[in-house]
Amino acid sequence: NIRYTMVSTAMSKDGYSRRKYMGLAGAMAAGGLAGCSGSGNNDGGTSGGDSGGDSDGGGDSGSTSGSGGGGSDITVWTQDITANKPETQQFINDAISGNVEFAEMRYDNIKQQFLTGASTGTPDVLEVTPNHRGDYVSAEHLEPITDRVEELDYADGYIGMDTMTYRDDIWALPHIGNGRGFVYRQDIFEKYGFDVPEQWSDFVTIGSEITKNEDGMHGFTLTSESTNTRVLQEFLSFTFQRVDSIFDADGDGFTLNPSPEDFGVVFKEYFYDPFFATDTPATDPNARGIGSLDHDISYVNGNYAAISTGPWIPGLASNSDNTNEEAMENYRNSAATHNPRVEGGEQGTYAEIKPIMMNTHSDSKEEAWQVQKATASPEGIRTFLEEDPGDLPAHEDVDWTVPETTDNPDWAGFQDVFATGKSYGFWSVSQVSTDLFDLVQEVIYDETDPMDAGQQLHDAWAEQASEI
């Protein structure tokens with residue numbers, strides 16, 4: 001017995017997570033989602049932020065669904081465990097004798113409503129973006145699960161459990177994740193005799209040559225839409241080549257780890273040089289302001305030879321209404337590997353690992369734990385990825401099969417990329433993003449020297465460290 005109640009508010013244009021827009025066509029065909037568009041700020045993943053574009057600046061769209069039964073009812077707020085994943089919902093529902101209701105909501109709306117209404121006890125369980133962790137812990141709305149996790153016989157197999165841990169307590173179970181890597185067209189690189197270089201500066205030169213010689217194609221593109229969270233994620237992907245953390249917990253607050261030079265080098269090499277370091281730009285100056293979704297679609301449509309992105313590209317290439325007939329062929333001509341390194345950098349990147357959390361105000365914590373545990377169990381993760389294969393499993397007992405099922409063995413490089421990923425910890429992303437967004441705009445339009453931007457960002461974030 002499945003029942004649906006539609007919940008709708010305005011949706012920002014980059015609001016879908018990576019998996020949302022990967023499965024959008026199939027979901028809408030199945031009647032599981034209602035799509036709408038508008039405008040708004042982004043602060044979340046994947047999307048987004050996911051992926052690509054998890055956001056904190058709009059509303060939500062979706063439904064609530066559940067299967068009948070006896071015992072306590074449990075409510076799950078989720079953006080990704082949607083009605084077009086019936087096997088996953090059924091697997092989770094079978095974990096308890098009562099009813100599990102899945103309220104499909106945008107991550108930004110989950111955050112807004114949870115921070116203001118968690119004390120009511122609803123929801124019992126949340127599937128959210130890692131950007132929210134610090135806000136929820138600070139508000140004392142999360143139930144620590146340290147003792148419960150110790151009883152799991154598969155706990156040692158989790159990938160990214162350290163990203164769920166803060167001040168000696170575990171606050172969530174890892175579910176799925178990704179690392180941001182370098183995706184490039186092998187056929188284009190081979191055509192001009194290029195290999196993926198070790199250094200990013202060398203790639204900028206390669207990108208310029210491709211722009212100069214390949215008709216209708218630029219060498220590279222980067223996300224540059226103001227307030228799009230992928231800007232932050234791409235910035236962190238290259239900053240994590242030089243440092244292991246951004247903010248470190250220190251007493252009741254945090255201290256800033258990177259130096260002004262660390263930030264300045266990333267501003268210069270990633271955000272400035274593709275536009276200005278070569279006579280023929282490695283990227284398209286007319287594409288400044290491109291959003292995360294357009295960024296990925298433009299790549300699979302053949303407008304660019306390379307991007308820094310995540311493993312969800314094949315789903316986007318096959319499902320989006322905005323991709324062309326060559327999109328899947330372009331995907332199969334692509335390979336994934338580590339991003340070339342900026343000056344002074346080593347292998348490392350931004351990793352996003354989705355958490356499954358419990359509301360500390362739940363009236364049914366034992367049943368909530370059973371739901372939380374089932375969702376993030378190896379079998380729960382495997383069931384989810386069978387219905388939505390974009391990301392990688394956050395457990396070593398679950399195989400990632402996308403390279404085989406999409407006929408592109410070179411996509412397997414994302415497994416190595418994921419292994420080098422680093423998370424940003426339990427600090428509030430929303431409180432520090434604006435300074436970065438503003439400075440990126442100034443750098444890509446040559447209004448601020450990149451190294452000066454690094455100093456300015458360092459000053460701003462160091463001042464905010466005690467408050468995040």
Side-chain angles (χ1 to χ4, degrees), residues 52 180-226 228 230-231 233-239 241-242 263-292 294-310 313 330 333-345 349-350 417 439-451 453-454:
R180 304 304 163 82
F182 186 73
V183 170
Y184 67 100
R185 287 277 299 277
Q186 295 184 95
D187 54 332
I188 300 298
F189 273 56
E190 290 171 0
K191 177 179 179 179
Y192 294 102
F194 295 138
D195 295 318
V196 177
E198 293 288 327
Q199 300 301 315
W200 184 261
S201 58
D202 292 332
F203 167 66
V204 171
T205 301
I206 289 173
S208 173
E209 289 299 310
I210 292 173
T211 300
K212 185 187 304 182
N213 295 295
E214 186 68 16
D215 187 41
M217 176 179 282
H218 284 79
F220 174 73
T221 190
L222 53 90
T223 305
S224 55
E225 181 185 38
S226 178
N228 192 302
R230 276 278 288 277
V231 174
Q233 294 167 352
E234 290 173 28
F235 180 82
L236 293 180
S237 295
F238 288 83
T239 304
Q241 294 180 351
R242 291 178 58 100
F263 289 154
V265 166
V266 177
F267 275 124
K268 178 184 182 300
E269 294 201 26
Y270 188 75
F271 290 100
Y272 181 86
D273 286 353
F275 294 102
F276 304 109
T278 52
D279 291 337
T280 301
T283 190
D284 182 3
N286 294 321
R288 280 178 287 201
I290 191 171
S292 53
D294 290 338
H295 166 279
D296 292 344
I297 288 176
S298 296
Y299 172 77
V300 295
N301 281 348
N303 301 122
Y304 299 96
I307 53 173
S308 181
T309 189
I313 292 296
N330 291 339
N333 281 325
S334 299
T337 188
H338 299 279
N339 288 312
R341 297 191 295 272
V342 296
E343 179 186 354
T349 191
Y350 165 76
V417 171
L439 286 166
V440 165
Q441 294 302 304
E442 294 175 18
V443 168
I444 66 174
Y445 284 99
D446 199 18
E447 296 171 354
T448 296
D449 179 84
M451 300 308 292

* **From Asp215 atom CG to Met217 atom CE, the distance as rounded to the nearest 0.5 Å** => 10.0 Å

* Are side-chain N/O atoms of Thr223 and Glu234 paired as donor and acceptor at under 3.5 Å? -> yes

* Asked: Does any N or O in the side chain of Thr211 come within less than 3.5 Å of the main-chain N or O of Pro281, such that one atom is a donor and the other an acceptor?
  -> yes

* Could you grab the distance from atom CD1 of Ile297 to atom CD1 of Ile313, nearest 0.5 Å is fine? => 9.0 Å

* Applying side chain to side chain contact (heavy atoms under 4.5 Å, CB included), run through Leu222 and Ile307 and close with a yes or a no. => CA-CA 7 Å; Leu222 53 90; Ile307 53 173; over 6 Å; no

* Structure fact -> Here the gap from Asn301 atom CG to Asn303 atom CG, rounded to the nearest 0.5 Å, amounts to 6.0 Å

* Hey, are Tyr299 and Ser334 close enough side-chain-wise for a donor-acceptor pair under 3.5 Å? -> yes

* To do: Taking the six-membered ring for Trp and the single ring otherwise, decide whether the centroids of Phe271 and Phe276 are under 6.0 Å apart.
  => no

Return all side-chain donor-acceptor pairs below 3.5 angstrom for residues 198-207, not counting sequence neighbours, or 'none' if the list is empty.
{"residue": "Glu198", "atom": "OE1", "partner": "Arg341", "partner atom": "NH1", "Å": "3.0"}
{"residue": "Glu198", "atom": "OE1", "partner": "Arg341", "partner atom": "NH2", "Å": "3.0"}
{"residue": "Trp200", "atom": "NE1", "partner": "Glu269", "partner atom": "O", "Å": "2.9"}

Side-chain donor-acceptor contacts of residues 439-446 below 3.5 Å, not counting sequence neighbours, with atom names and distances?
{"residue": "Gln441", "atom": "NE2", "partner": "Ser224", "partner atom": "O", "Å": "2.7"}
{"residue": "Glu442", "atom": "OE1", "partner": "Thr448", "partner atom": "OG1", "Å": "2.6"}

* Spacing of CG belonging to Asn333 relative to CD1 belonging to Ile188, to within rounding of 0.5 Å -> 8.0 Å

* To do: Look at the side chain of Asp449 and the backbone N and O of Met451, then say whether any donor-acceptor pair between them is shorter than 3.5 Å.
  => yes

* After noting the C-alpha distance and the side-chain angles of Thr309 and Arg230, does the key distance pass the side chain to side chain contact (heavy atoms under 4.5 Å, CB included) rule? -> CA-CA 9 Å; Thr309 189; Arg230 276 278 288 277; 3.5 Å; yes

* To do: Write out all pairs satisfying salt bridge (Lys or Arg N to Asp or Glu O under 4.0 Å) with one or both partners inside residues 272-284, taking only residues at least two apart or from two chains.
  => Lys268-Asp273

* Asked: Are the side chain of Asn213 and the backbone N or O of Glu209 linked by a donor-acceptor pair below 3.5 Å?
  -> yes

* Structure fact -> Contacts of Glu190 meeting salt bridge (charged side-chain N to carboxylate O under 4.0 Å, His left out) (sequence neighbours excluded), chain-then-number -> none

* Structure fact -> When Thr349, Val196, Val183 are each screened for side chain to side chain contact (heavy atoms under 4.5 Å, CB included) with Asn339, the one that passes is Thr349

* To do: Under the ring pair (Phe, Tyr, Trp, His ring centres under 6.0 Å) rule, what do Phe194 and Tyr184 come out as? Steps first, then yes or no, please.
  => CA-CA 11 Å; Phe194 295 138; Tyr184 67 100; over 10 Å; no

* Structure fact -> Scanning both residues in full, the closest heavy-atom pair of Thr221 with His295 reads O-NE2, 3.4 Å

* Asked: What distance do Phe182 atom CZ and His338 atom NE2 have between them, rounded to the nearest 0.5 Å?
  -> 13.0 Å

* Is a side-chain donor or acceptor of Arg288 paired with a backbone partner of Pro285 at a separation under 3.5 angstrom? -> yes

* **Nearest-0.5 Å distance, OH of residue Tyr304 to NE2 of residue His218** => 6.5 Å

* Go through the structure and list residues passing ring-ring contact (aromatic ring centres under 6.0 Å, His included) with Tyr192, not counting sequence neighbours. => none

* Asked: Looking only at atom types and distance, does a side-chain atom of Asn228 sit under 3.5 Å from a main-chain N or O of Gly291, one as donor and one as acceptor?
  -> no

* To do: Start with the C-alpha distance between Val417 and Arg180, add both sets of side-chain angles, then the distance that settles side chain to side chain contact (heavy atoms under 4.5 Å, CB included), and finish with yes or no.
  => CA-CA 7 Å; Val417 171; Arg180 304 304 163 82; 5.8 Å; no

* Show your working on side chain to side chain contact (heavy atoms under 4.5 Å, CB included) between Phe189 and Asp195 and close with a plain yes or no. => CA-CA 7 Å; Phe189 273 56; Asp195 295 318; over 6 Å; no

* Matching residue for Phe267 among Phe238, Phe275, Tyr272, Phe235 - test: ring pair (Phe, Tyr, Trp, His ring centres under 6.0 Å) -> Phe235

* Side-chain donor/acceptor of Thr280 to backbone N/O of Ser208, under 3.5 Å -> no

* **Test salt bridge (charged side-chain N to carboxylate O under 4.0 Å, His left out) applied to Glu343 - qualifying residues, sequence neighbours left out** => none

